[in-house]
Amino acid sequence: MNDEVRQWLRAARRIVLLSGAGMSAESGVPTFRDAQTGLWADFRPEDLATEEGFRADPRLVWDWYQSRREGVARVQPNAGHLAIAAFQQRHPGRLLVVTQNVDGLHQRAGSPGVLALHGNLAEDKWLEPPRPCCDPARLAQGRPPRCPACGNLRRPAVVWFGEMLPKAELAAAEDAARGCDLMLVVGTSGVVYPAAGLARATGGRVVVINPEPSALDDAADAVLRGTAALLLPELLEE
Ligand code: OAD
């Protein structure tokens, strides 16, 4: 099966790689649905990762994101991220990374033009539309930091449940999905839309890479049961 997929890869002019939390598992980032350990074991991510949850307890949600930020800052891109970036360097313009991950590891590995559909853990933004007094360079420190004049809160610049994905990124991802000959779907449970829908809206072949069954297996022309850091170097290296 790997040989057939390698052949598809060699022939494909336009490739989209759609990644989810499993892409970073071997870097030591717990996957979304496995992340609730220790301090956070009593909370469901679906409750914390919402505007409602943040408004109900800004400190709790801010601290949860801080702990994830610190976790991500301590880890490195894995062999899978690096194999993708190296392929892109050898074949400029041929492979586009579309990710649901907010950990920035594709970018740190050197992938250019990553479409981060769910935002970036390292960045903040205003909770309310900013007023003239709201200046990110002049914050009252706190958990979360706030505008000293009006009290507007900073929040993580990630997409929460119930929120729209960034329009430009989603449109670019949809275009790329429609236009590609091959889509590699790596490490995602495939249950969160609209990201998962990209694998169903492509005209190209779909290859799922995941050690476990996923909700996108039925959309795949090939399913490779294995991990990102093992299989991607094997597939992408010449
Ligand atoms: P999940 O945590 O739901 O799923 C992780 C997937 O990775 C599972 O299918 C695992 O089998 C697979 N996996 C685990 N280890 C792997 C490895 N080493 N190599 C390859 N695959 C592996 O994460 P996502 O599908 O990314 O959105 O979740 C999608 C979205 O749900 C997240 O982006 C997040 C959440 O809601 C938002 O926060 C908006």
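Whatever order the structure lists them in is the order used to number ligands and atoms, beginning at 1. Remember, predicted model here, so these are calculated numbers, not experimental data.
The ring pair (Phe, Tyr, Trp, His ring centres under 6.0 Å) analysis of residues 78-112, with sequence neighbours excluded, yields the pairs His81-His106, Phe87-His91.
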Inset, instruction - Tell me, with the steps shown, if Ile84 and Leu236 meet side chain to side chain contact (heavy atoms under 4.5 Å, CB included). - result: CA-CA 7 Å; Ile84 295 164; Leu236 295 174; 3.8 Å; yes
Legend entry - Full working for side chain to side chain contact (heavy atoms under 4.5 Å, CB included) between Arg108 and Val72: CA-CA 11 Å; Arg108 279 169 57 193; Val72 163; 4.2 Å; yes
Inset, instruction - Applying side chain to side chain donor-acceptor pair (under 3.5 Å), run through Arg69 and Gln66 and close with a yes or a no. - result: CA-CA 5 Å; Arg69 280 177 177 167; Gln66 282 301 107; 2.7 Å; yes
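In terms of polar-atom proximity, defined here as any N/O pair under 3.5 Å, Ser189 does make such a contact with ligand 1. When only interatomic distances are considered, the shortest N/O to N/O separation between Glu26 and ligand 1 falls below 3.5 Å. Looking at ligand 1, you'll find an N or O of His118 within less than 3.5 Å of one of its N or O atoms. The shortest N or O to N or O distance between Gly226 and ligand 1 is not below 3.5 Å. Between Ala21 and ligand 1, at least one N/O pair is under 3.5 Å apart. Any N or O atom pair closer than 3.5 Å counts here, and Val192 shares no such pair with ligand 1. The distance criterion of under 3.5 Å between nitrogen or oxygen atoms is met by Asn210 with respect to ligand 1.
With sequence neighbours left out, the side-chain hydrogen bond (donor to acceptor under 3.5 Å, both in side chains) criterion links Ser27 to Asn78.
Close approach to Glu212 involves these atoms of ligand 1, each under 4.0 Å from a residue heavy atom: 11 (O). Ligand-side atoms of ligand 1 in range of Thr227: 17 (C), 18 (N), 19 (N), range being under 4.0 angstrom from any heavy atom. Taking every non-hydrogen atom of Gly20 and a distance limit under 4.0 Å, the qualifying atoms of ligand 1 come out as 26 (O).
What you find for Pro144 and Pro58 is that their closest heavy atoms are CD-CB, 3.8 Å.
The hydrophobic clustering, which links ILVMFWY residues whose side-chain heavy atoms are closer than 4.5 Å, places Val114 and Leu182 together.
Remark: Glu52 CD is loosely packed, at most 12 non-hydrogen atoms of other residues, nucleotides or ligands lying under 6.0 Å away.
Judged by a 6.0 Å distance limit and a 45° cone about the ring axis, Arg154 is positioned over the six-membered ring of Trp126.
Using 4.0 Å as the threshold, Ala49 has no heavy atom nearer than that to any atom of ligand 1. Heavy atoms of Phe161 come nearer than 4.0 angstrom to ligand 1 in at least one pair.
For atom 22 (C) of ligand 1, the candidate residues are Ser19, Pro211, Ala25; the nearest heavy-atom contact is made by Pro211.
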